Undergrad: 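First the structure, then my questions, so here it is.
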Amino acid sequence: QVQLTESGGGLVQAGGSLRLSCAASGRAFSIYAMGWFRQAPGKDREIVAAIDWRGSSTNYADSVKGRFTISRDNAKNTVYLQMNSLKPDDTAVYYCASRRTMRATMTPEDYADWGQGTQVTVSS
């Protein structure tokens with residue numbers, strides 16, 4: 001089990017960029033797949049991006065492909081989400097989560113440990 005803390009959210013204009021960070025406690029982080037998810041008001045939680053334990057395999061939701069990049073630094077126990085060309089539709093609370101296994105999936109139910117979330121608001 002890991003404890004996860006997101007940071008880096010905020011208010012940005014459309015077309016701008018933000019970089020989210022997710023700091024994890026626990027040595028197990030380095031062997032866990034990680035994911036970034038988001039939930040907008042009145043909508044279900046959806047996956048944004050996922051990364052395997054080594055950072056060698058990544059997957060993205062179609063809505064963010066080419067704009068967002070997930071990465072990780074196991075030495076720092078941190079996973080990142082670089083978000084470029086932001087749109088008002090990207091406004092949501094963003095969460096990171098760990099899967100307790102090495103391979104990433106795009107299914108929220110596969111992820112066991114969750115952070116508290118960080119708000120991202122994109123103004124038009």
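Just so it is clear, the model here is predicted, and its values are computed rather than measured. When a residue number appears, it is its place in the shown sequence, counting from 1.
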Undergrad: Run the numbers on V48 and M83 for side-chain contact (heavy atoms from CB on, under 4.5 Å), then give the verdict.
TA: CA-CA 11 Å; V48 174; M83 306 186 295; over 6 Å; no
Undergrad: Enter the distance from S17:OG to R19:CZ here, rounded to the nearest 0.5 Å.
TA: 12.0 Å
Undergrad: With a 3.5 Å cut-off and no angle check, do the side chains of Y94 and R38 form a donor-acceptor pair?
TA: yes
Undergrad: Can you tell me if E6 uses its side chain to pair, donor with acceptor, with the backbone of L20 under 3.5 Å?
TA: no
Undergrad: Ignoring hydrogens and geometry, is there a side-chain-to-backbone donor-acceptor pair from D90 to A14 under 3.5 Å?
TA: no
Undergrad: Donor-acceptor pair, distance only, cut-off 3.5 Å: does the side chain of N74 make one with the backbone of R54?
TA: no
Undergrad: Measure across M34 and C22 and return the closest heavy-atom pair with its distance rounded to 0.1 Å.
TA: CE-SG, 4.3 Å
Undergrad: Output yes when a side-chain donor or acceptor of T107 lies under 3.5 Å from a complementary backbone atom of T105, and no otherwise.
TA: no
Undergrad: Would the distance check show the side chain of T91 and the main-chain N or O of V122 forming a donor-acceptor pair, the cut-off being under 3.5 Å?
TA: yes
Undergrad: Just by modelled atom types, is the G55 backbone N or O under 3.5 Å from a matching donor or acceptor in the D52 side chain?
TA: yes
Undergrad: Can you list the residues that meet the ring-ring contact (aromatic ring centres under 6.0 Å, His included) rule with Y80, with sequence neighbours excluded?
TA: none
Undergrad: Which atom names give the shortest non-hydrogen contact between G9 and T118, and what distance separates them?
TA: N-OG1, 3.2 Å
Undergrad: Counting distance only, does the side-chain N/O of R67 pair as donor-acceptor with the main-chain N or O of S63 below 3.5 Å?
TA: yes
Undergrad: Roughly how far apart are S123 OG and L11 CG, rounded to 0.5 Å?
TA: 5.0 Å
Undergrad: OH of Y95 to CD of Q116: how many Å apart, nearest 0.5 Å?
TA: 8.0 Å
Undergrad: If you round to the nearest 0.5 Å, how far is NZ of K87 from OG of S124?
TA: 14.0 Å
Undergrad: How close do V2 and F29 get, heavy atom to heavy atom, and via which atoms?
TA: CG1-N, 4.0 Å
Undergrad: How long is the straight-line distance from CD1 of I51 back to CG of L81, given to the nearest 0.5 Å?
TA: 10.0 Å
Undergrad: Is any side-chain heavy atom of F68 closer than 4.5 Å to a side-chain heavy atom of L86?
TA: yes
Undergrad: With D113, which of Q3, R99, R100 fulfils side-chain hydrogen bond (donor to acceptor under 3.5 Å, both in side chains)?
TA: R100
Undergrad: Hydrophobic cluster membership, with links at side-chain heavy-atom distances under 4.5 Å among I/L/V/M/F/W/Y: are I47 and Y32 in one?
TA: no
Undergrad: When rounded to the nearest 0.5 angstrom, what distance separates OG1 in T78 from CZ in R72?
TA: 10.0 Å
Undergrad: Provide the closest heavy-atom pair for L18 versus G8 in the form atom of the first, atom of the second, distance.
TA: CD2-O, 3.8 Å
Undergrad: Salt bridge or not between K65 and D62? Use side-chain N to carboxylate O under 4.0 Å.
TA: yes
Undergrad: Any side-chain heavy atom of Y60 sitting closer than 4.5 Å to one from T69?
TA: yes
Undergrad: Any link between Y111 and V79 through a network of hydrophobic side chains (Ile, Leu, Val, Met, Phe, Trp, Tyr) touching at under 4.5 Å?
TA: no
Undergrad: Taking the six-membered ring for Trp, are W114 and F37 parallel (under 30°), tilted (30 to 60°) or perpendicular (over 60°)?
TA: tilted
Undergrad: Shortest non-hydrogen contact from A50 to M106?
TA: CB-SD, 4.1 Å
